[in-house]
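Since this is a predicted model, take the numbers as computed values, not measurements.
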Amino acid sequence: MRYDISIAYGAETPPWPGDTPYSCRWAWDMAQGASVNVGHVTTSLHLGTHADAPLHVIPNGAPSDSLPLHVFSGRARVLDVQRATEGSHISVDQLSALLSDGGVPARLLLRTGVSVATGVFPDRWPTLTEGAAAWLAAQGLRLLGVDAPSVDERDARELLVHHALFGAGAYVIENLRLGDVPDGEYHLSAYPLLVTGADAAPLRAVLESVPE
Ligand SMILES: [Zn+2]
């Protein structure tokens, strides 16, 4: 079984309020007599499914073209955290209880149930505490994926979860489409597009079932 867990770079995906929406125009247009159609896209790099680069939150941090490929492919676990989010944060205790069978995986994809896949940018979404993010990384996590628009809160200013992960050598995927994917173990393929010098890179995220 294969699941495309990507959200489109397209006009149907709402940008972060104030950020750049997607538009595609023709640099050359056959309807205007050109010999080919050639597109010209304007978009925030954070619109659809993407990896943040450390440069997103760290001045002079590593840019999008240095995202390490091995992190973005391999065994990954999908985990629903909706039952742990009565508050807006997921603590170490809540997370360790949810991960009690199997321990901390190298790649963890969290379903908060809040996503731009609905076509509306959400007001709020659950996030890990800074401590929970640091705990995951200390236990060997290398990639945290979320269905929400950010691993931090919408009005976060210090972006503590981003910093806790990047500071420990872990990476981030945001805006996953996890709606119909059952919890469990998969093989993730989500290589970031080779965009030079940017703060984020779009990617196509795909999960495939693995034998038990
Ligand atoms: Zn982002």
Side-chain angles (χ1 to χ4, degrees), residues 7 13-21 43-68 71-72 79 81-82 84-99 104-117 120-176 178 190 192 195 197-203 205:
I7 291 176
T13 304
W16 194 289
D19 201 1
T20 312
T43 183
S44 167
L45 290 170
H46 298 261
L47 187 85
T49 308
H50 65 277
D52 283 344
L55 179 60
H56 180 47
V57 296
I58 302 168
N60 303 313
S64 51
D65 47 303
S66 66
L67 292 166
V71 169
F72 293 89
L79 181 68
V81 292
Q82 293 179 78
T85 57
E86 295 100 37
S88 54
H89 294 104
I90 304 156
S91 66
V92 175
D93 287 350
Q94 289 168 317
L95 201 54
S96 63
L98 289 172
L99 290 169
V104 174
R107 300 173 193 83
L108 180 62
L109 311 182
L110 300 180
R111 184 194 302 103
T112 68
V114 183
S115 160
V116 295
V120 177
F121 196 89
D123 289 333
R124 64 186 70 81
W125 50 83
T127 60
L128 299 183
T129 61
E130 177 188 15
W135 176 79
L136 281 175
Q139 303 291 313
L141 177 106
R142 285 297 163 264
L143 180 64
L144 179 69
V146 292
D147 54 356
S150 176
V151 296
D152 276 294
E153 296 175 294
R154 177 167 163 168
D155 34 13
R157 285 292 167 265
E158 297 179 279
L159 300 158
L160 297 174
V161 175
H162 283 82
H163 281 286
L165 294 169
F166 288 140
Y171 292 85
V172 170
I173 298 178
E174 295 164 337
N175 283 344
L176 288 167
L178 292 173
V195 178
D199 58 294
L203 53 83

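Using a 4.5 Å heavy-atom cutoff, the side chains of Leu108 and Leu99 are in contact. Proximity of Leu178 to Ser115: side-chain heavy atoms (C-beta onward) are nowhere separated by under 4.5 Å. Proximity of Val146 to Leu128: side-chain heavy atoms (C-beta onward) are nowhere separated by under 4.5 Å.
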Inset, instruction - Dump the intermediate steps for side chain to side chain donor-acceptor pair (under 3.5 Å) on Asp52 and His46, then the final yes or no. - result: CA-CA 8 Å; Asp52 283 344; His46 298 261; 3.2 Å; yes
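One distance of note links CG of Leu79 with CG of Leu98; it measures 5.0 Å at 0.5 Å rounding. The line from CZ of Arg107 to CG of Leu144 is 13.0 Å long, rounded to the nearest 0.5 Å. Atom CG of Leu176 is separated from atom CG of Leu109 by 6.0 Å, given to the nearest 0.5 angstrom. Note that OG1 of Thr13 is 8.0 Å distant from CG of Asn175, once rounded to the nearest 0.5 Å. To the nearest 0.5 angstrom, Thr49 atom OG1 is 5.0 Å from Ile7 atom CD1.
By the side chain to side chain contact (heavy atoms under 4.5 Å, CB included) test, Pro122 pairs with Val114, Val116, Trp125, Pro149, sequence neighbours left out. By the side chain to side chain donor-acceptor pair (under 3.5 Å) test, Ser91 pairs with Gln94, sequence neighbours left out. Scored by the side chain to side chain donor-acceptor pair (under 3.5 Å) test, Ser44 finds Asp19 as partners (sequence neighbours excluded).
Using a distance-only test at 3.5 Å, with no hydrogens or angles considered, no donor-acceptor pair links the side chain of Asp152 to the main chain of Thr127.
In this structure, Ile90 and Pro126 approach most closely via the heavy-atom pair CD1-CB, 4.5 Å. The two residues Val195 and Pro202 make their nearest non-hydrogen contact at CG2-CD, 4.2 Å. Contact record, Ala51 with Leu67: CB-CD1, 3.8 Å, taken as the closest heavy-atom pair. Across every non-hydrogen atom of Val161 and Ala133, the tightest pair is CG1-CB, 3.8 Å. When every heavy atom of Ala62 is checked against every heavy atom of Ala53, the shortest pair comes out as O-CB, 3.4 Å. The minimum heavy-atom distance between Pro15 and Phe121, with the atom names listed, is O-CD1, 3.4 Å.
Within the structure, side-chain hydrogen bond (donor to acceptor under 3.5 Å, both in side chains) contacts touching residues 132-149 (residues at least two apart or in different chains) are Thr112-Asp147. Under the ring-ring contact (aromatic ring centres under 6.0 Å, His included) criterion, the residue pairs touching residues 146-168 are His56-His162, with sequence neighbours excluded. Residue pairs meeting the salt bridge (Lys or Arg N to Asp or Glu O under 4.0 Å) criterion with at least one member in residues 121-135, sequence neighbours excluded: Asp123-Arg154.
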